[in-house]
Amino acid sequence: MAVYPFAEIEKKWQRHWDEHKTFRTPDEPDRARPKFYVLDMFPYPSGAGLHVGHPEGYTATDIVARYKRMKGFNVLHPMGWDAFGLPAENYALETGTHPGVTTARNIDRFRAQLKALGFSYDWDREVATTDRDYYRWTQWIFLKLYERGLAYQAEVPVNWCPALGTVLANEEVIDGKSERGGHPVVRKPMRQWMLKITEYAERLLKDLEALDWPESIKEMQRNWIGRSEGAEVDFEVEGRPGEKVRVYTTRPDTLWGATYMVLAPEHPLVDALTAPAQRDAVRAYREKAARKSDLERTELQKVKTGVFTGGHAVNPVNRKAIPVWVADYVLISYGTGAIMAVPAHDQRDYEFARQFDIPVVEVVSGGDISKTAYTGDGVLVNSASEWVSINGLSVPAAKEKITRWLEGQGLGCRKVNYKLRDWLFSRQRYWGEPFPVIFVDGRPQPLPAEALPLVLPEVESYKPSGTGESPLATIESWVQTTDPATGQPARRETNTMPQWAGSCWYYLRFIDPKNGRAAVDPAKERYWMPVDLYVGGAEHAVLHLLYARFWHKVLFDAGVVSTPEPFRKLVNQGMILGEMEYTLYRDARGHPVSAERVDDNECEQGTGEKLQAERVAEEDIEKQGDAFVYRVQPNVRVSARSFKMSKSRGNVINPDEVVRLYGADSLRLYEMFMGPLEQVKPWSMKGVEGVHRFLNRVWRLFTAEETGTLNGEIAPAEPSREQWRALHAMIKKVTEDIEGMRFNTAIAAMMEFLNDAQKWSPRPRAALEPFVLLLAPFAPHLAEELWSLLGHSGSLALEPWPALNEAFLVEDVVEIPVQVNGKLRGRIRVPADAKQQDILAAARAEDSVAPHLAGKTVRKEIYIAGRLVNLVVG
RNA sequence: GCCCGGGUGGCGGAAUGGCAGACGCAAGGGACUUAAAAUCCCUUUUCCGAAAGGGAGUGCGGGUUCGAGUCCCGCCCCGGGCACCA
């Protein structure tokens, strides 16, 4: 490929931007201009370096940032590092290298890679969560949480992972195994710091409405918060007047259908309710349940287990006694840890009742309870007693009436519950923020803000202590301290904060990264917040985004920030998969096995035989119907799909390599041209070559082939009407598409323009210079070089964005397609200002149309101004 | 099981209810070249036809409409998330 000197150009302009601090956002920006804060989810600087997924979102935000600058906005576009976390610590365990050393090295590599891609970050604002000056304020925010009663300690059964020697958050455990490494996880009670995110559940839910976020992400957060409306109802314990069991239900209307009650194994009233005869069975069941890991609880979900306590509870609506069971399908951590079971109208209770032969009583008509539970709406039946009746009502009306009645009788009350749990906020790890807390006589006491940062001490070994405590617990000299207030001996908290902590507020620090007196200056915060555009992967849909919103609201209540929500608009970039792979399967004898007979584990369906997978070249493949087949044996189907990039599959694309071969501009442009930003899409090296060819053609549009100097065709000539039209059509399309983040079609519009412009001779400067400016956000290095070749000095980064003049888009003659009965039959060319009747007459008379009208009556004539004619005949 | 996305040429993908397939890739043909690469030009949804032209066509089946890839109803498939939360 004869190519433009991208390597030289890119290095030259990267140096220029660096030296001139072209993208520095002034500390005191010109307040007369509008602001735009465009943020990427900052990366964890892993040892593997950048992968091609990173530049996808980063290019998108960079295009927006560069565009907004040219539109006259003050743009804040920073980058930093989410640098605490397990990998560096695990590496330290293996090699003895201090995580700080590894982290610094990885950050240097990431920074160099990002700079090589030409992103317009203000590098003066770079922060890492591991910087003392940064985590000082993370600790300060923890103190705020503590002050406001939102941080507390609890002895909670946590996810203890013996292999990692640490406790994991619920969300770090997947199918009973650790998210990292896939090690088994068991439950173990430990003293932990918790954050009361549940106190903010309602606001976190309600404030989602106004956010310009993908509906799917909002929905995931809603599900995670899991709000439900119902009632708490008290059931008296039979034979023990005054003793009550409180249950939570969303279906108080089904109280008459409650045929038994279930307590969670951990429920405090289990002992009191258990009859002597059942004591051994209940104790055995509770012990078994306590030993069950989450893995076992989920694995056993198909078969429900439980034991009868021998005790009974009295249904408050009809004074009937119902048996009380203990079963682990009821969770102690949700609601009251006890339920009234209505097998006729709840699938879980239905399964349990069937298994233990408990009666099923229908109280809502409309289903067939001999087959399955009916959870839909219907008319209430069998729901009356001498005190109250809800028979004949619909479900919502019945809920309302019975709830009122319960409240009136003092037997129950309305209650809203959330699935959301408090946030387990401590880790037994070294490489994290130390808690600014000491224990005096065993009681926690926060350090004063002046004592921050509480610096992470040096440690000899990174091994977890093994008891579940962090490596910090092994440094006696650090752990032992004195209370600054009283001088009493004290011990330090040895847990550290989870990785989420640092990423909960980094967007605030970017606003004022060097402030030594505050996390962020209030005036600056008011100017820049909220973040106008936040781009990152959908894997953070719930956790990072929910935690950050929570902290932000706490800071809002504390008067630290001025907006109730941090991120106004959120966009998730889709994953980039590896190249499309065609795979042929063979059995042990080497015979090909057609792909539809191969299961997900690469085994043959039926025989279960493990098959050999073999990559096949594209030219050996043919499409037949909706399947791909092996060309030499067309009866054998081949699987055709692309996979997530992974080392083990060997399909990882290295961005450095792409930059070396085609340049950063080509990588940027390709990632944007692949398809819509949000979509999952497969990589194609041929596609990279395609956009690279486009950039080469752009280069040749402006330069003379041999000399690399300005092309002689570039002339001060006045552009023709057609040339103006081509230019302004592109300006319109590119501008609108950047605003709508449709970068793929913006690039297509520039390609169309180039295809035209290449044919021009001469090439009027006035029509070409704006093209360079439009290209600049996408391929900034090439654009800068062309701009300077065109005789301009300095960077084009702050040149005004080309203005659209709609007048150039107006055409004198328009082409209008003509349909007959909805089928395209021809086109007519008419003056743009032609009258409807003239257009319709021309349409009827058109050579290709007239035959389709012959001998028929035109029943209706439809004309959509400037777009289409449809003649309905019959 | 439930909740979101999504199914359009050989491939990635375009199309305010109004010309389906923009743009790019791949493929085929041609020009330039001693040759190749690079570059440039042409063809390329499919079927019938030498052509002109015509038929079919956006996962499947219905519907609304002058007109549906787009809206409505029912299904199938793929991707993601959640999953004893009472």
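Just so it is clear: chains get the letters A, B, ... in the order the sequence lines come, proteins before strands, and each one is counted from 1. As the structure is a computational prediction, the values presented were derived from the model and not from experiment. Both backbone and side-chain heavy atoms feed into the values below; hydrogens, waters and symmetry mates do not.
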Touch class at under 4.0 angstrom, heavy-atom based, for [X] against every strand present:
| X | result |
| --- | --- |
| A:Arg825 | sugar-phosphate |
| A:Ser228 | sugar-phosphate |
| A:Arg859 | nothing |
| A:Gln679 | sugar-phosphate |
| A:Asn744 | sugar-phosphate |
| A:Pro214 | nothing |
| A:Gln758 | sugar-phosphate |
| A:His345 | nothing |
| A:Asn755 | sugar-phosphate |

d([atom1], [X]; [atom2], [N]) in whole Å:
| X | N | atom1 | atom2 | value |
| --- | --- | --- | --- | --- |
| A:Trp699 | B:U39 | CH2 | C1' | 17 Å |
| A:Lys681 | B:G6 | NZ | C1' | 14 Å |
| A:Asp756 | B:C23 | CG | C1' | 13 Å |
| A:Met575 | B:G5 | CE | C1' | 14 Å |
| A:Phe235 | B:A86 | CZ | P | 17 Å |
| A:Ile322 | B:A86 | CD1 | C1' | 13 Å |
| A:Tyr662 | B:C25 | OH | P | 13 Å |
| A:Glu219 | B:A83 | CD | P | 15 Å |

Nearest-angstrom distance, [atom1] atom, [N] to [M]:
| N | M | atom1 | result |
| --- | --- | --- | --- |
| B:G9 | B:G80 | C1' | 27 Å |
| B:G7 | B:A15 | P | 12 Å |
| B:G21 | B:U45 | C1' | 8 Å |
| B:C4 | B:G74 | P | 13 Å |
| B:G30 | B:A20 | P | 33 Å |
| B:G59 | B:G10 | P | 13 Å |

[options]: which one has an atom nearest the side-chain heavy atoms of [X]?
| X | options | value |
| --- | --- | --- |
| A:Lys759 | B:G12, B:C41, B:G10 | B:C41 |
| A:Asn870 | B:C3, B:C40, B:C66 | B:C66 |
| A:Thr249 | B:C23, B:A86, B:A20 | B:A86 |
| A:Lys686 | B:G18, B:C25, B:A86 | B:C25 |
| A:Asp328 | B:C84, B:G55, B:A15 | B:C84 |
| A:Arg697 | B:A22, B:G18, B:C40 | B:C40 |
| A:Trp224 | B:G54, B:A56, B:C82 | B:C82 |
| A:Tyr329 | B:C84, B:G18, B:A86 | B:C84 |
| A:Thr745 | B:G18, B:A22, B:C3 | B:A22 |
| A:Pro682 | B:A86, B:G12, B:U39 | B:G12 |

How about [X] and [Y]: are their ring centroids closer than 6.0 Å?
| X | Y | result |
| --- | --- | --- |
| A:Tyr670 | A:His692 | no |
| A:Trp760 | A:Phe753 | yes |
| A:Phe352 | A:Tyr329 | yes |
| A:Phe628 | A:Tyr582 | yes |

Could you let me know what [N] is paired to, Watson-Crick or G-U wobble, both distances under 3.5 Å, or none if it's on its own?
| N | result |
| --- | --- |
| B:A86 | none |
| B:G79 | B:C4 |
| B:G57 | none |
| B:A68 | none |
| B:C11 | B:G24 |

Anti versus syn assignment for B:G9, with syn defined as within 90° of 0: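 Syn conformation for B:G9.
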Option passing side-chain contact (heavy atoms from CB on, under 4.5 Å) with A:His345 (candidates A:Val363, A:Val360, A:Val361):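 Among A:Val363, A:Val360, A:Val361, the one that satisfies the side-chain contact (heavy atoms from CB on, under 4.5 Å) with A:His345 is A:Val363.
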Flag if over 12 foreign heavy atoms under 6.0 Å of CD, A:Gln347: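 Counting other residues, nucleotides and ligands, CD of A:Gln347 exceeds 12 neighbours.
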A:Glu815 CD: over 12 foreign heavy atoms closer than 6.0 Å: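 Counting other residues, nucleotides and ligands, CD of A:Glu815 exceeds 12 neighbours.
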Pairing of A:Lys399 and A:Asp253 as salt bridge, 4.0 angstrom limit: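 Salt bridge: no.
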A:Arg641 side-chain N/O to B:C78 phosphate OP1/OP2 under 4.0 Å: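 So the side-chain polar atoms of A:Arg641 never come under 4.0 Å of the phosphate oxygens OP1 or OP2 of B:C78.
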5'-most by nearest nucleotide on RNA chain B - A:Gly226 or A:Lys823: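 Looking at the nearest nucleotide for each, A:Lys823 comes out on the 5' side.
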Nearest-nucleotide comparison on RNA chain B, the residue closer to the 5′ end among A:Thr336 and A:Val680: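 The residue whose closest nucleotide sits nearer the 5' end is A:Val680.
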Inter-residue atom distance A:Glu56.CD - A:Leu677.CG, 0.5 Å rounding: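 Taking CD in A:Glu56 and CG in A:Leu677, the distance rounds to 5.5 Å.
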